[in-house]
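Take a look at the structure set out below.
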Amino acid sequence: MKGFANVKVYIRGKGIIRADIGIKNGRIARISPPSQSVKPIIETGDCLLTAGFIDEHIHGAGGADVMDGTREALSIISETLVKEGTTSFLATTMTRPAAETEKALKAVAGFKRGRGARVLGAHLEGPFISEKYIGAQSKEHILNPSAEVFSALSAESGNNIRLVTLAPEQEGAEQLIKHIKSCGATVSVGHSGASGKQVADAVGLGLSCVTHTFNAQSPFRHREIGVVGAALLSDALCCELIADTVHVSVPAVKLLLKNKPYDKVVLITDAMRAKGGADGISELGGHTVYVKDGEARLEDGTLAGSVLKMNKAVKNLVEKCGCPTERALDCATYNPAKNLGLENEYGVIKQWAVADFTLLDEAFNVVLTVVGGEIVYIAD
């Protein structure tokens, strides 16, 4: 049986140990003490094997964007992401004209993975958001929450929308939240000016996630806790985090980690097409974006997505925020899988789970990426 022999591996619940990991038919067939029973696909030395990273919130990379609406664009993103250890992602849309969103979702429905990361489905970021916290979205294409509109978009995706970002304070949101949950997708509050009570009421209806926590949402104040306060207060809410130390400061990251249950922080990149390229002028959601020194901003200075890589996000949690390595890895693997209801298949190293792996050196550089038991990237 092929796989990883005597590899240093992080297994949730056991910690970092030495083990043999056998792979068969794209799944993990064996986890056992080192015994020379597995034929190694690569010599791993002192590198660390982890489940493959999952990015539930990403717009683009490698010069391509989900809103390009083509399978070719998704292929470019897919093949770029494995270089940073990401093995699965949600193709994330933006608030744009209906025809553009429909085209993007059709591409997701028809996408067949090559030698890159798999598309787990779509993340619908808008159009059911608040104009007040628009960020880099397009306010002219915002729509009131509508189960009918959502159902039409879901059909375009092949009923493959797994995550929806919305503003629960908007008229019609209560019915939409219930409808989305009945369809098996995760509902997230984002680009929202909701009060703490409005968020709490939405949690009672099925809301369970916070989109890019701290960004594009009502802030915490001592008389009105807003979305940020609700995120910190409610153990029911899973919090996305852009850990580039630009979107969220190191002290704010530490505050989030201190206040949330172990499995309720999810690393995302919220990356745009400029990721993996040089500084300069790029585009996001129809807006011109200026990329410089690892920051992507609109002309008025508003942050517009990121160029963050997932392995760098993990590294930042550990080295800049004092997060234990095991917990940081969970934030990029198990936690997003659980947030999407996929934790029995993805984001975890256990018998018969999908054989998605990332091999990291001591500096969190990606050495090797495996998707479905197949090597899809080896560092030079």
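Computation of the quantities below employed the complete heavy-atom set of this structure, encompassing side-chain atoms and omitting hydrogens, waters and symmetry-equivalent molecules.
Side-chain heavy-atom separations under 4.5 angstrom define the hydrophobic clusters, and V250 shares its cluster with no other residue. Residue I281 belongs to a hydrophobic cluster whose other members are Y290, with links defined by side-chain heavy atoms closer than 4.5 Å. Here I129 sits in one hydrophobic cluster together with I134, I142; the rule is ILVMFWY side chains under 4.5 Å apart, joined directly or through other members. Other members of the cluster containing V246 are L303, with ILVMFWY side chains joined at under 4.5 Å, either directly or via other members.
With hydrogens and angles ignored, the 3.5 Å screen pairs no side-chain donor or acceptor of N339 with any backbone N or O of N335.
Under the rule for a side-chain hydrogen bond (donor to acceptor under 3.5 Å, both in side chains), the partners of E100 that lie at least two apart in sequence or sit in another chain are R96. The side-chain hydrogen bond (donor to acceptor under 3.5 Å, both in side chains) check on E343 picks up nothing, with sequence neighbours excluded. Taking the ring-ring contact (aromatic ring centres under 6.0 Å, His included) definition, one finds that F4 meets it with F357, sequence neighbours left out. Residues satisfying the side-chain hydrogen bond (donor to acceptor under 3.5 Å, both in side chains) criterion with S88, sequence neighbours excluded, are absent altogether. Qualifying side-chain hydrogen bond (donor to acceptor under 3.5 Å, both in side chains) partners for T80, counting only residues two or more places apart in sequence or in other chains: none. Legend: residues meeting ring-ring contact (aromatic ring centres under 6.0 Å, His included) with H179, ordered by chain and number and at least two apart, are F150.
Aromatic pair H212/H57: centroids less than 6.0 angstrom apart.
The minimum heavy-atom distance linking S192 with S130 is given by the pair CA-CB, 4.1 Å. Closest approach of L256 to T213, counting heavy atoms only: CD1-CG2, 4.2 Å. Taking every heavy atom of both residues into account, G62 and I76 meet most closely at O-CG2, 3.4 Å.
Put simply, the residue from T86, V371, V82, T50 that forms a side-chain contact (heavy atoms from CB on, under 4.5 Å) with T358 is T50. Residue H59 forms a side chain to side chain donor-acceptor pair (under 3.5 Å) with just one option from D270, T269, D65, and that option is D270.
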I'd like a table of donor-acceptor pairs (distance under 3.5 Å, sequence neighbours excluded) in which one partner is a side-chain atom from residues 294-301, with atom names and distances.
| from | atom 1 | to | atom 2 | distance (Å) |
| --- | --- | --- | --- | --- |
| E295 | OE1 | R297 | NE | 2.9 |
| E295 | OE1 | R297 | NH2 | 3.1 |
| R297 | NH1 | G301 | O | 2.7 |
| D300 | OD1 | T302 | N | 2.9 |
| D300 | OD1 | T302 | OG1 | 2.8 |
| D300 | OD2 | T302 | OG1 | 3.4 |

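Within a 6.0 Å sphere centred on CZ of R18, heavy atoms belonging to other residues, nucleotides or ligands number more than 12.
Annotation: salt bridge (charged side-chain N to carboxylate O under 4.0 Å, His left out) contacts involving residues 112-129, sequence neighbours excluded, comprise R113-E374, R115-E374, R118-D356.
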